[in-house]
Amino acid sequence: MTQHPRTRETALHDWDLAPKEAIALQRTLAGRLIREDALGEVKHIAGVDIGFEDGGDTTRAAVVVLSWPGLAPIEQVVARQPTRMPYVPGLLSFREIPAALAAFERLDSRVDLVMVDGHGIAHPRRLGVAAHLGLWLDLPTLGVAKKRLTGRHGEVPEGRAESTDLMDGDERIGVVLRSRAGVKPVFVSPGHRLSVDSARTWAVACLGRYKLPEPTRLADRLASRR
DNA sequence: GCGACAG
DNA sequence: ATCTTGTCGC
């Protein structure tokens, strides 16, 4: 409610931008990211999944709040809104964030850490949806994506919880994590107020018996059942 | 110019 | 993201 003061005042201006302006804004915002750990005691973790309905006309954000440790769901919200922007690779956050903010506004729980379905800084301009959302909420965030957007990596060891660095040139922008033995790895990167190592640690700590970590997995499941 | 391209 | 059945395997 009052944990994300920027929401109410400026919710009407990141969107409605032409691609060129959006890209310029991304560079500015990326410069404001805190790339080190800046999080307090973690009691609640939110999982976020944003998707689309009606052929893209409606944006749907699902948020599940889980206890930590324990990873038991304690609150969940689904928000739907008319979609404002088209899908452009690299500008996904502009399309997804408005609905996510609406969902967070309806949350009663205080959230300490946010895990988003999508990338954090593993993005061409270091502003994937998890990073962008982190700035808006002013909360520590990390992204867990199912597909690569940018960066290069070597083979990922087969064992559960093993990983390989995701590199963009000399910069380590995340890790490619084998969340379960025998499944395609996921792409983990920090968003705001988190280091790459901590993003990896939290992603692993939230693993259950499935491919996706519990927060994102439960948000996914909540979103995909009507 | 030719691919690549989160959700 | 979404369109979609069965099928192999723990």
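Because only heavy atoms are used, hydrogens play no part in the values below, and waters and symmetry mates are left out as well, while side chains stay in. Naming: A, B, ... by sequence-line order, numbering from 1 per chain.
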message = Using a heavy-atom cut-off of 4.0 Å across all strands, would you classify Leu92(A) as base, sugar-phosphate, or nothing?
response = base
ask   = With a non-hydrogen cut-off below 4.0 angstrom, is Val129(A) in contact with a base, only sugar-phosphate, or nothing?
value = base
ask   = dA6(B) C1' sits how many Å from Met85(A) CE, rounded?
value = 15 Å
ask   = Is His153(A) reaching over with its side chain to a backbone N or O of Ser163(A), donor-acceptor style, under 3.5 angstrom?
value = no
ask   = Tell me: CG of Asp168(A) to P of dA4(B), nearest whole Å?
value = 18 Å
inquiry  = So Arg209(A), base contact, sugar-phosphate only, or nothing? Heavy-atom distance under 4.0 Å.
reply    = nothing
ask   = What's the CD-P distance between Gln26(A) and dA6(B), to the nearest Å?
value = 14 Å
request  = Mark yes or no for whether Arg106(A), through its side chain, and Val78(A), through its backbone, hold a donor-acceptor pair below 3.5 Å.
outcome  = yes
message = With heavy-atom distances below 4.5 Å as the criterion, would you say the side chains of Tyr87(A) and Phe94(A) are in contact?
response = no
request  = Answer yes or no for this row: Tyr87(A) ring on dG7(B) base, centroids under 5.5 Å, planes under 30°.
outcome  = yes
Length of the CG-C1' vector between Asp117(A) and dA6(B), whole Å = 8 Å
message = Could you tell me how far apart Ile173(A) (CD1) and dA6(B) (C1') are, to the nearest whole angstrom?
response = 12 Å
message = Can you tell me which nucleotide in dT2(C), dA6(B), dC5(B) comes closest to the side chain of His119(A)?
response = dA6(B)
query = Is the distance from OP1 or OP2 of dC5(B) to the nearest side-chain N or O of Arg148(A) less than 4.0 Å?
reply = yes
request  = State whether a side-chain donor-acceptor pair under 3.5 Å links Ser198(A) with Ser195(A).
outcome  = yes
key: Rounded distance (Å) that lies between atom C1' of dG7(B) and atom CZ of Arg60(A)   = 10 Å
task = Under 4.0 Å between any heavy atoms, over every strand shown, what does Leu91(A) touch: base, sugar-phosphate, or nothing? Just pick one.
result = base
query = So, does Asp117(A) use its side chain to make a donor-acceptor pair with the main chain of Val48(A) at under 3.5 Å?
reply = no
query = For Phe52(A) and dA1(C), what is the distance between atoms CZ and P respectively, to the nearest whole Å?
reply = 10 Å
query = Under 4.0 Å between a side-chain N/O of Arg126(A) and OP1 or OP2 of dA6(B), yes or no?
reply = no
request  = Let me know the distance between CG of Leu149(A) and C1' of dA6(B), rounded to the nearest Å.
outcome  = 5 Å
task = Could you check whether Gly56(A) gets within reach of a base, just the sugar-phosphate, or nothing at all, counting any heavy atom under 4.0 Å?
result = nothing
